[in-house]
Amino acid sequence: MIVDLDAVRAIAQAMRARPWFTRLGAPLADDELALALGAAAGYHVTGIEAVPDLAAARALALEPAGAPAADADAVEARLLRDRAAAAAGEKRVLADLSSIVDAALEPTIAAARTALGAVGVVDDELARVLAGAAALGAYHAALAHACGKPEHPFVAIDRLFARGRLPLGPHRGHYAVL
Amino acid sequence: MSAALEVKTPAELAAQPQEYQDAVAKILISHAINELYGAQVFDEPAVAYAPTPYWKWLTCRVAMEEYGHHVRFFNLGREIGIPEEKMIPDRTAKRPLSIFETPLTSWEEFCVIKLLGDMAEILQVEDLLHCTYVPLRNAGRATMPEERFHAKFGEDSVGELVKTPAGKAKVQAAIDTIWPTLPSFFGRSKSKNNALFIKWGIKQRTNEEMRADYVERAKALVAKFDLTLPELPAEALA
């Protein structure tokens, strides 16, 4: 397997310029709907749930029913990381993956605070939840790219973040997006 | 001597006595290593134990911030010429603090670590806020708001867990497991390094003073949730 670490670095470089969380609650555009369907395919659901606002998104994310899908993502991420490490060397892969965390640290939290402020919400915990979700999405997508899987659902999820949305995961047979 | 001392840059540090330079290097290495250990041993694994996506994403962010603290101290160390391998856990012979040898096994344990362990970190960082080496003082100031948030995360998550009798019992069991490892976070009493740090105004308080303060604060904190700290053997407080 050829490992594409250039794609990992490209995601890291794009972190600061992304319009994080700028389209929360807006009607889904056609390309966003296509991305949401791509993400949904990873969880064997076909419908899309357009979540109306942050309060509804928060309530949805607090449902324990969402945890197994997130845990399955973590298992998949570990598999991808192991594959990339086996092919390109663990130190090299981990160093490049660290660049995603480095690059995501400041812009994601700043954007989350701005997005919340725009709707009159001052909630540092929720800002961290948004920032954590976004960084995790980028990290997962980087792993998929590194393993030469640009069609992986992780990539669709990250592209939703990159469009300014908050993908929330599978929820009652649909894939939920704010 | 240290009251008037204020060292503003790595260049100024290089002109200071070797003993002062060594003391600054030691404390930077300690912070760089322990921040990274914390992220690797507790925060990253905790994502899997978090009960909902909300708490998973929040934990993920907390892990990133702890990693960011490592990077902050690592960069300061690099600026003054500390070899990188001395500040990376896997590459140094320096042993981690004993707290990092306790494997994380549950969400309740993680919440207790944030509640009580991050309070210990706050005390350590507070002690840097008047440090004579200004870049280290500034790093402490930059780190403090996030450490306070992490401790609040501990309070909020423990507050949620103790709402049920079963949850409260699990939190108490986690405290009983974790608490005995925490007082050693402050180092040995009569530590030579600690004496040097105080001599040069890098730290303000002795290990014993900080540990005693910590134990009192921790007792008051867990009492808010009608929880208790187990008794510690005398050697844990020495």
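Throughout, protein chains are lettered first and strands after them, A, B, ... in sequence-line order, and every chain is numbered starting at 1.
Put simply, of G132(A), G169(A), A61(A), the one with the most heavy-atom pairs under 4.5 Å next to chain B is A61(A). In terms of heavy-atom pairs under 4.5 angstrom with chain B, the leader among S98(A), A70(A), A65(A) is S98(A). In terms of heavy-atom pairs under 4.5 Å with chain A, the best-connected choice from L58(B), V47(B), T59(B), V71(B) is L58(B). When G66(A), A74(A), A133(A) are compared by the number of non-hydrogen pairs under 4.5 Å with chain B, A133(A) comes out ahead.
Among all heavy-atom pairs drawn from P53(B) and E63(A), the shortest one is CD-O, 3.6 Å. Taking both residues in full, the closest heavy atoms of L136(A) and C60(B) are given as CD1-SG, 3.9 Å, listed atom of the first, atom of the second, then distance. Among all heavy-atom pairs drawn from P51(B) and A67(A), the shortest one is O-CB, 3.4 Å. T52(B) and L62(A) make their closest contact through CG2-O, 3.1 Å (heavy atoms, listed as atom of the first residue, atom of the second, distance). Nearest heavy atoms, F149(B) versus R128(A): CE2-CD, 3.1 Å. The two residues V129(A) and W57(B) come nearest to each other via the heavy atoms O-CB, 3.4 Å.
Under 4.0 Å is where a charged nitrogen must lie from a carboxylate oxygen, and between D124(A) and K152(B) no such pair does.
Annotation: E101(B), atom CD; neighbour count of heavy atoms from other residues, nucleotides and ligands within 6.0 Å is above 12. The environment of CD in E151(A) is sparse: at most 12 heavy-atom neighbours from other residues, nucleotides or ligands sit within 6.0 Å. Within a 6.0 Å radius of CD in E125(A), other residues, nucleotides and ligands contribute more than 12 heavy atoms.
L60(A) does not touch chain B: none of its heavy atoms, backbone or side chain, sits under 4.5 Å away. Interface residue T108(A): only side-chain heavy atoms are found under 4.5 Å from chain B. Neither the backbone nor the side chain of A134(A) has a heavy atom closer than 4.5 Å to any heavy atom of chain B. Looking at L130(A), neither its backbone nor its side chain comes within 4.5 Å of chain B, counting heavy atoms on both sides.
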side-chain contact (heavy atoms from CB on, under 4.5 Å) between K56(B) and D71(A), worked out:
CA-CA 9 Å; K56(B) 285 179 188 295; D71(A) 290 338; 2.5 Å; yes
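Looking only at distances, no side-chain donor or acceptor of R58(A) sits under 3.5 Å from a matching main-chain atom of Y54(B).
Using a 4.5 Å heavy-atom threshold, the side chains of R61(B) and L105(A) count as touching.
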